[in-house]
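Below is one structure, written out as structure tokens, with a few remarks after it.
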Amino acid sequence: MTTVGFIGSGNIGGAIARLAVEAGHQVVLSNSRGPETLADTVAELGPRASAATSRKAAEAGDIVVVAVPVSAFPGLPAAPLAGKTVIDTCNYGPERDGRIPELDGTSLTSSELLLRYVPDAVLVKAFNNIFFEHLLSLARPAGAADRSYLPVAGDSAPAKETVNEFIGSLGYGVVDAGPLAEGWRQATGTPVWGTPYGPFSDEKGQPAGEDAIRAALATATR
């Protein structure tokens, strides 16, 4: 059993937390509004879930999931994330985050930007390419013919392995998408973002196997 800390408990963070609880993990949720605002979510998730401040959630997690707007990066608790495997689920959205020239161009990925604020964390990019409803509906047990796959990018082989095992426990296979610098291949608007799992209008989605995810990553352009 793993304890997973969450910094951000919105749609995608909440979906990962739900799958994690169902898989037998402990979760510690946090958001920008305070742990008391998560009381209903914690009650719904049951005894494996609790709420805390972002700092406490970061301290508690064996793995920490960051699921916040890119504009919130400066406020992340860097110290308790030092040395920890951190899953970066974040996507840059200029309409929400404001314009960030380095991300508008090709000089930086959002994960590399995140590392500026949490320099001692061990980042792995994952879960940022799938609609939260599809994430919930497409989970399948290992060995299932219709098991879907998610791309994972990162620079640390041990951290990737930790994240791969976690993702596997939630009901998904993994495609290695390369180092963090290649994380742009799964960013908003790329072929692997959303499309392989079906339209957003279909909350059930459609399974996306390993070959489909590899092909979509390979056709990405910058």
Side-chain angles (χ1 to χ4, degrees), residues 1-100 103 110-137 139 159 162-163 166-167 169-170 188 200 203:
M1 180 192 69
T2 300
T3 297
V4 187
F6 286 81
I7 301 177
S9 300
N11 287 340
I12 196 68
I16 297 169
R18 183 176 301 279
L19 291 175
V21 165
E22 291 173 355
H25 302 293
Q26 298 278 349
V27 302
V28 182
L29 305 175
S30 72
N31 63 16
S32 61
R33 295 174 293 135
E36 65 280 355
T37 66
L38 292 164
D40 289 345
T41 301
V42 167
E44 182 182 350
L45 292 177
R48 293 194 183 100
S50 62
T53 64
S54 294
R55 179 170 293 275
K56 291 294 185 182
E59 291 171 351
D62 302 310
I63 299 171
V64 180
V65 175
V66 174
V68 299
V70 169
S71 58
F73 285 177
L76 293 174
L81 295 177
K84 293 202 174 187
T85 296
V86 174
I87 302 177
D88 168 22
T89 74
C90 308
N91 285 314
Y92 169 52
E95 70 288 343
R96 177 195 62 199
D97 299 313
R99 287 288 178 186
I100 301 174
L103 298 184
S110 60
S111 292
E112 291 171 317
L113 178 63
L114 176 55
L115 270 178
R116 293 183 177 178
Y117 297 101
V118 291
D120 298 317
V122 187
L123 284 192
V124 177
K125 189 78 171 186
F127 296 110
N128 70 305
N129 75 307
I130 186 169
F131 183 43
F132 77 97
E133 289 187 338
H134 293 167
L135 181 63
L136 289 170
S137 64
T162 296
V163 173
F166 175 63
I167 290 174
S169 76
L170 303 192
T188 304
F200 294 161
E203 65 182 32

For Glu44, give me all partners under side chain to side chain donor-acceptor pair (under 3.5 Å), at least two apart in sequence or on another chain.
Arg18
Only pairs at least two apart or in different chains count here, so list each side-chain hydrogen bond (donor to acceptor under 3.5 Å, both in side chains) that has a residue in residues 60-70.
none
Can you list the residues that meet the ring-ring contact (aromatic ring centres under 6.0 Å, His included) rule with Phe200, with sequence neighbours excluded?
Phe131, Trp193
Should Leu135 and Leu170 count as side-chain neighbours, where that means a heavy-atom distance under 4.5 Å?
no
Mind checking the CD1-CG spacing from Ile167 to Leu19? Nearest 0.5 Å is all I need.
11.0 Å
Selection residues 17-48 - residue pairs positive for ring-ring contact (aromatic ring centres under 6.0 Å, His included), sequence neighbours left out:
His25-Phe166
Take Val86 and Val118 through the test side chain to side chain contact (heavy atoms under 4.5 Å, CB included) and record every step on the way to the result.
CA-CA 10 Å; Val86 174; Val118 291; 5.8 Å; no
Hey, could you give me the OG1/CD distance between Thr53 and Glu59, rounded to the nearest 0.5 Å?
7.0 Å
What are the two closest non-hydrogen atoms of Leu115 and Ala121, and how far apart are they?
CD2-O, 3.8 Å
Distance (rounded to the nearest 0.5 Å) between Ile63 CD1 and Ile87 CD1:
5.0 Å
Closest approach of Val27 to Ala20 (non-hydrogen atoms, all atoms of both residues):
CG1-CB, 3.8 Å
To the nearest 0.5 Å, atom CG of Asp88 lies from atom CG of Leu123 at 6.0 Å
How close do Ala58 and Pro77 get, counting heavy atoms only, and between which atoms?
CB-CG, 4.3 Å
Leu113 side, atom CG; Leu103 side, atom CG - distance, nearest 0.5 Å:
5.5 Å
Contacts of type side-chain contact (heavy atoms from CB on, under 4.5 Å), residue Ala72, not counting sequence neighbours
Val68, Pro69
Who passes side chain to side chain donor-acceptor pair (under 3.5 Å) against Asn128, sequence neighbours left out?
Asn91, Gln186
Once side chain to side chain donor-acceptor pair (under 3.5 Å) is applied, do any residues pair with Arg55, and if so which ones, sequence neighbours excluded?
none
Minimum heavy-atom distance Arg33-Glu36, with the two atoms named:
O-OE2, 3.4 Å
Side chains of Lys125 and Ser110, heavy atoms from C-beta outward: is any pair under 4.5 Å?
yes
Just grab all the ring-ring contact (aromatic ring centres under 6.0 Å, His included) pairs involving residues 66-86, residues at least two apart or on different chains.
none
Side chain to side chain donor-acceptor pair (under 3.5 Å) with Ser71: which residues, sequence neighbours excluded?
Asp97
So the ring-ring contact (aromatic ring centres under 6.0 Å, His included) pairs with at least one residue in residues 38-72 (sequence neighbours excluded) are none
For Ala57 versus Ala52, what's the shortest heavy-atom pair and its separation?
N-CB, 4.2 Å
Quick note, ring-ring contact (aromatic ring centres under 6.0 Å, His included) partners involving residues 31-69, not counting sequence neighbours, are none
Output a table of donor-acceptor pairs, distance under 3.5 Å, between side-chain atoms of residues 4-15 and any protein atom two or more places apart or on a different chain; print 'none' if there are none.
| residue | atom | partner | partner atom | Å |
| --- | --- | --- | --- | --- |
| Ser9 | OG | Ser30 | N | 3.4 |
| Ser9 | OG | Ser30 | O | 2.8 |

Check: Lys84 side chain, Gly61 main-chain N or O, donor-acceptor pair, under 3.5 Å
yes
So how far is it from Ser50 OG to Leu45 CG, rounded to the nearest 0.5 Å?
10.0 Å
Heavy-atom side-chain contact between Glu203 and Phe132 under 4.5 Å:
no
